[in-house]
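Note that these values count all heavy atoms, side chains included, but never hydrogens, waters or copies made by symmetry. Heads up: numbering here begins at 1 and tracks the sequence.
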Amino acid sequence: MSRCLRLNDCGITGWDEQSDRKLQEPFPPQIIARAVWLYFRFPLSLRMVEEMLLERGIVVSYETIRRWGCKFGAAYVKQLRRKKPSQKDIWHLDEVVISIGGRKHWLWRAVDQDGYVLDEIVQTRRDTKAAKRLLVRLLKKQGLSPKRIITDKLRSYGAAKRDVMPAVEHRSHKGLNNRAENSHVPLRKRERMMQGFRSVGGLQRFISLFSAVRNLFVAPHQRHSALATHIHRIRAMAQWKAVTAAIA
């Protein structure tokens, strides 16, 4: 039976059996998961991850690491456990401008009182229609309304809230919305490391896995002891290993 080396749709190299066209990854799932974890968990470039793996005796190109994120990222996100919604939750909503190809785009994000990213969406508009789209997505994903929402002074939030969830309390004050504004900082660091994003779709796919990994490993914004933080990270790593082993 003849075999040939080829690339699949994500660009991952594997052996193509002419009988069943089934591709096999040339690396074990533990290495793939570690490479993806390093890239999305820490402010590292693809070449930095490539060098860190090389130090461990793993020879893999930075382009392959990028393609692993493309191939396995969505499956990882789907399997990671999400925080259980509660009617006592407080949603902090905010939007930040991101330039893609010389054009302004807006990343709309919602986080809860613990800094957990609930949802985020890239849009070209900064108006009531865009704010309403975010709220509708949030309600669909969470399954219930929050105790209150907190936003900045953008009037679009109030108009959208009246249409989507009129009974929910809305507080609009820039000083109250630090939770959402601070949530943009990690992505800004990555944006500088990556020298910007090339497409809207690429940004949306990146933030999907980036925020899911951050939600898993970063402890809630509450005062915890060092021991509690260590335990949280150990449990997060155990879940990450279980999820990635089952998918690969």
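Under the 4.5 Å side-chain criterion, counting only non-hydrogen atoms from C-beta, Glu63 is in contact with Arg67. In this structure, Arg41 and Val218 have side chains that are in contact, with non-hydrogen atoms separated by less than 4.5 Å. Between Glu120 and Leu107, the closest side-chain pair of non-hydrogen atoms falls below 4.5 Å. Counting heavy atoms from C-beta on, the side chains of Leu139 and Val164 come closer than 4.5 Å. Here the side chains of Ile58 and Phe27 are in contact, with some heavy-atom distance below 4.5 Å. Side chains of Trp68 and Val60 form a contact here, defined as non-hydrogen atoms less than 4.5 Å apart.
Scored by the ring-ring contact (aromatic ring centres under 6.0 Å, His included) test, Tyr39 finds no partners at all (sequence neighbours excluded).
Taking OG1 of Thr128 as the start and CG of Asp163 as the end, the distance is 8.0 Å to the nearest 0.5 Å. Between the NE2 atom in His92 and the CG atom in Asp152 there is a gap of 12.5 Å [rounded to 0.5 Å]. Note that the CD1 atom of Ile234 and the NE2 atom of His230 stand 8.0 Å from one another [nearest 0.5 Å]. Separating the CG atom in Leu80 from the CG atom in Leu209 is a distance of 8.0 Å, to the nearest 0.5 Å. Taken from CD1 in Ile150 to CG in Asp112, the straight-line distance is 11.0 Å, to the nearest 0.5 Å. The distance from the CH2 atom of Trp37 to the OG1 atom of Thr244 is 11.5 Å, given to the nearest 0.5 Å.
Ser156 and Ala131 get closest at one heavy-atom pair: O-CB, 3.8 Å. Looking at every heavy atom in both residues, Asp94 comes nearest to Glu181 through OD2-CG, 3.5 Å. When every heavy atom of His232 is checked against every heavy atom of Leu216, the shortest pair comes out as NE2-O, 3.3 Å. For the pair Trp108 and Leu134, the tightest heavy-atom approach, listed with the atom from each and the gap, is CB-CD2, 3.9 Å. Between Ile149 and Leu93, the shortest heavy-atom contact is CD1-CD1, 4.4 Å. Among all heavy-atom pairs drawn from Val36 and Gly69, the shortest one is CG2-N, 4.2 Å.
With respect to Phe40, the ring pair (Phe, Tyr, Trp, His ring centres under 6.0 Å) criterion is satisfied by exactly one of Phe210, Trp240, Phe206: Phe206. When each of Lys189, Glu95, Arg109 is checked for a side chain to side chain donor-acceptor pair (under 3.5 Å) with His184, only Arg109 meets the rule.
When hydrophobic clusters are built by joining Ile, Leu, Val, Met, Phe, Trp and Tyr residues whose side-chain heavy atoms come closer than 4.5 Å, directly or via intermediates, Val111 is not grouped with Tyr157. When the side chains of ILVMFWY residues are joined at heavy-atom separations under 4.5 Å, either directly or via intervening members, Leu135 and Tyr116 end up in a single hydrophobic cluster. In this structure, Ile31 is a member of the same hydrophobic cluster as Ile247, with clusters built from ILVMFWY side-chain heavy atoms closer than 4.5 Å. No continuous path of ILVMFWY side-chain contacts below 4.5 Å connects Met193 to Val185, so the two sit in separate hydrophobic clusters.
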Report task. Go through the steps for Arg214 and Val117 under the test side chain to side chain contact (heavy atoms under 4.5 Å, CB included), then give the verdict. Result -> CA-CA 9 Å; Arg214 183 169 176 79; Val117 178; 5.8 Å; no

Report task. Walk me through it: do Lys161 and Thr151 pass the test side chain to side chain contact (heavy atoms under 4.5 Å, CB included)? Result -> CA-CA 11 Å; Lys161 200 266 323 177; Thr151 70; over 6 Å; no

**Report entry** Derivation and outcome, side chain to side chain contact (heavy atoms under 4.5 Å, CB included), residues Leu203 and Ile98
**Finding:** CA-CA 10 Å; Leu203 172 58; Ile98 293 182; 3.9 Å; yes

Query raised in the report: Going through the distances and angles, do Arg148 and Gln113 end up as a side chain to side chain donor-acceptor pair (under 3.5 Å)?
Result: CA-CA 10 Å; Arg148 76 173 65 96; Gln113 64 280 358; over 6 Å; no

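In this structure, the side chain of Arg66 does not engage the main chain of Ser61 through any donor-acceptor pair within 3.5 Å. In this structure, Ser208 contributes its side chain and Arg205 its backbone to no donor-acceptor pair below 3.5 Å. Side-chain atoms of Thr124 never come within 3.5 Å of backbone atoms of His105 as a donor-acceptor pair (strictly under, hydrogens ignored).
Residue Lys141 places its NZ atom among more than 12 non-hydrogen atoms of other residues, nucleotides or ligands, all under 6.0 Å distant. In Lys83, the NZ atom is crowded: over 12 heavy atoms of neighbouring residues, nucleotides or ligands sit closer than 6.0 Å.
Applying the side-chain hydrogen bond (donor to acceptor under 3.5 Å, both in side chains) rule to pairs touching residues 190-200 yields Arg188-Glu191, sequence neighbours excluded.
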Show me the side-chain donor-acceptor pairs of residues 42-55 shorter than 3.5 Å, one per line, residues at least two apart or across chains.
residue : atom : partner : partner atom : Å
Ser45   : OG   : Met48   : N            : 3.2
Arg47   : NH2  : Tyr62   : OH           : 3.2
Glu50   : OE1  : Tyr62   : N            : 3.3

